Amino acid sequence: MMETNSKVLKVTSFISEMKDVARSFKENDLNVGFVPTMGCLHEGHLNLIKKSLESCDRTVVSIFVNQTQFGPNEDLHSYPRQLQSDIEKLEEVGVDVLFHPTNEEMYPSGHKTSLQVNKITKSLCGKSRPSLFIGVSTVVLKLFNIVQPNKAFFGEKDWQQLAVIEALVEDLNLDIALIRVPIVREADGLAMSSRNCYLSPQDRITALSLSRSLKQAVDVIRQGTTSSKVISHLIQQCLLEKGGLEIDYISICDPKSFKEKEQICGRTLIALAVKIGKSRLIDNCVIEEF
Ligand code: AMP
């Protein structure tokens, strides 16, 4: 017999209501897990939610397409939105609360504060998207203040974003445990992303070159190549092989400081960002010390 979930999903768009719920969780000594998202939920999001459901008494998910992290020529207006089917997915897995505020609720006129994490936000995605991490840091801190979670779950797909949030939690002395969750991929290797739905069938095939180039890089490194220049060139060739793709960056760097490495030694992050059609896609892998 199929097991049906008996929990009722509470849905709210209001900060005051979300804060009331958060307060009642605290008063009842419940451990709260939080998964912030921009919606259009896929298995990558659902895996974060699963980890929260497994380890927390209550799970809060937010869906908010955060305008402040998009630059003027980015995809804010076309970003995929599908609230109804997201709600069905959240109900099915047994999430307790969905917080989906409006822009006006999060950024009423007169909102003047933003938060900047320094140093690690200057390279990789921060270089090509200068407003990204200020927007992300500000909204995540606001969401943490509203939801008051004990644990918050983030995907390693957005490796640099995770490092930025780790820095803000540490620097601002927040009592929140951040849980890192590995990248969830499609069967053919493509990292899941809400933006994958923009891809035409041809672009979808082109997009496979991201995970394929990372895999090739790992294989060559395992065979003994340590020069970042050589690895970077190999990745570039693999990405550009079939055309239809523009490279934003290929970074071979320290996974914490994001300083570029000339040689692969010690733990190393290989991170990529490309544009395919309208979509900007990212992927990464970490070479553990060997
Ligand atoms: P987004 O809705 O794209 O802002 O992502 C919300 C959260 O889901 C972030 O912590 C992402 O890193 C995470 N996430 C998105 N895609 C994946 C994926 N394929 N695997 C793991 N985590 C993911």
Side-chain angles (χ1 to χ4, degrees), residues 44 47 117-130 132-133 136 154-168 170-171 178-193 195-196 203-276 279-290:
N47 192 42
V117 171
N118 296 310
K119 291 186 180 154
I120 57 172
T121 51
K122 302 287 176 247
S123 55
L124 283 74
C125 289
K127 192 167 174 190
S128 37
R129 303 183 66 194
L132 173 64
F133 291 122
V136 167
F154 291 89
E156 290 185 338
K157 159 131 187 304
D158 299 271
W159 187 280
Q160 191 180 16
Q161 168 176 287
L162 191 33
V164 169
I165 295 163
E166 280 173 344
L168 90 79
E170 191 180 334
D171 293 349
L178 294 183
I179 313 296
R180 310 177 69 99
V181 182
I183 300 179
V184 176
R185 297 178 181 279
E186 303 282 359
D188 58 11
L190 181 66
M192 290 196 184
S193 163
R195 288 186 167 102
N196 290 351
D203 289 347
R204 174 74 180 63
I205 294 169
T206 307
L208 290 177
S209 63
L210 276 90
S211 54
R212 197 171 51 234
S213 68
L214 288 172
K215 194 174 172 303
Q216 278 188 14
V218 171
D219 288 347
V220 169
I221 293 163
R222 290 229 175 92
Q223 284 159 20
T225 305
T226 58
S227 158
S228 297
K229 209 168 156 186
V230 172
I231 304 293
S232 183
H233 186 65
L234 181 89
I235 293 172
Q236 187 184 354
Q237 273 182 323
C238 179
L239 289 174
L240 298 177
E241 199 181 349
K242 298 206 171 79
L245 173 155
E246 201 184 303
I247 297 174
D248 176 2
Y249 65 75
I250 298 169
S251 177
I252 299 180
C253 62
D254 180 276
K256 289 195 168 147
S257 69
F258 299 95
K259 287 210 176 85
E260 292 297 315
K261 286 186 173 194
E262 281 183 18
Q263 295 291 324
I264 315 253
C265 60
R267 235 174 147 237
T268 303
L269 172 70
I270 307 183
L272 316 174
V274 306
K275 250 191 124 182
I276 301 177
S279 309
R280 185 176 183 282
L281 301 180
I282 57 173
D283 202 347
N284 71 72
C285 70
V286 168
I287 314 289
E288 296 298 338
E289 273 178 78
F290 62 95

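As the structure is a computational prediction, the values presented were derived from the model and not from experiment.
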Smallest separation among heavy atoms of [X] and [Y], with atom names:
| X | Y | result |
| --- | --- | --- |
| L210 | L281 | CD2-O, 4.0 Å |
| L214 | C285 | CD2-SG, 4.0 Å |
| A271 | N284 | CA-CB, 4.0 Å |
| S209 | C238 | CB-O, 3.9 Å |
| S213 | L239 | OG-CD2, 3.8 Å |

Qualifying residue for side-chain contact (heavy atoms from CB on, under 4.5 Å) with I231, from I250, V218, I264, I287: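 One option only clears the test, and that one is I264.
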Run the salt bridge (charged side-chain N to carboxylate O under 4.0 Å, His left out) test against [X] and tell me which residues pass, sequence neighbours left out.
| X | result |
| --- | --- |
| E156 | R180 |
| D219 | K215 |
| R212 | none |

Rounded to the nearest 0.5 Å, what separation is found between the CG atom of N196 and the CG atom of L190?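 CG of L190 is found 4.5 Å from CG of N196.
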Output the distance between atom CG (L272) and atom OH (Y249), rounded to the nearest 0.5 Å.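 Separation between the atoms: 7.5 Å.
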Mind jotting down which residue pairs meet the salt bridge (Lys or Arg N to Asp or Glu O under 4.0 Å) criterion with at least one end in residues 228-256? Sequence neighbours excluded, please.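 For residues 228-256, and leaving out neighbouring residues, the salt bridge (Lys or Arg N to Asp or Glu O under 4.0 Å) pairs sorted by first residue read D248-R280.
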Measure from the side-chain N and O atoms of Q160 to the backbone N and O of S123, and report whether any donor-acceptor pair falls under 3.5 Å.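 Checking the backbone N and O of S123 against the side chain of Q160, a donor-acceptor pair under 3.5 Å is found.
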Do any pairs count as a side-chain hydrogen bond (donor to acceptor under 3.5 Å, both in side chains) and have a residue in residues 261-274, sequence neighbours left out, and if so which ones?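 For residues 261-274, and leaving out neighbouring residues, the side-chain hydrogen bond (donor to acceptor under 3.5 Å, both in side chains) pairs sorted by first residue read T226-Q263, K261-T268, R267-E288.
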Under the side-chain hydrogen bond (donor to acceptor under 3.5 Å, both in side chains) rule, collect the residues that match up with [X], sequence neighbours excluded.
| X | value |
| --- | --- |
| Q236 | none |
| Q237 | none |
| S211 | none |

Holding to side-chain contact (heavy atoms from CB on, under 4.5 Å), I want the full list of residues that pass it with [X], two or more places apart in sequence or in another chain.
| X | value |
| --- | --- |
| A191 | K157, I183, R185, D283 |
| D158 | Q161, I282 |
| V117 | I120, T121, S137, V164, A167, L168 |
| D203 | L199, S200, I276 |

Please evaluate residues I270 and I221 with respect to the criterion side chain to side chain contact (heavy atoms under 4.5 Å, CB included), reporting the C-alpha separation (whole Å), side-chain torsions for both, the decisive distance (0.1 Å), and the verdict. CA-CA 11 Å; I270 307 183; I221 293 163; 3.8 Å; yes
I'd like to know whether C253 forms a side chain to side chain contact (heavy atoms under 4.5 Å, CB included) with E260, so could you lay out the CA-CA distance, the side-chain angles of the two residues, the decisive distance to 0.1 Å, and finally the verdict. CA-CA 4 Å; C253 62; E260 292 297 315; 4.0 Å; yes
Tell me if the NZ atom of K122 is crowded by more than 12 foreign heavy atoms within 6.0 Å.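 More than 12 heavy atoms, drawn from other residues, nucleotides or ligands, come within 6.0 Å of this atom.
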Pairwise side-chain contact, E170 with L178, heavy-atom cut-off 4.5 Å (strictly under):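 A side-chain contact under 4.5 Å is absent here.
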After noting the C-alpha distance and the side-chain angles of L124 and W159, does the key distance pass the side chain to side chain contact (heavy atoms under 4.5 Å, CB included) rule? CA-CA 10 Å; L124 283 74; W159 187 280; over 6 Å; no
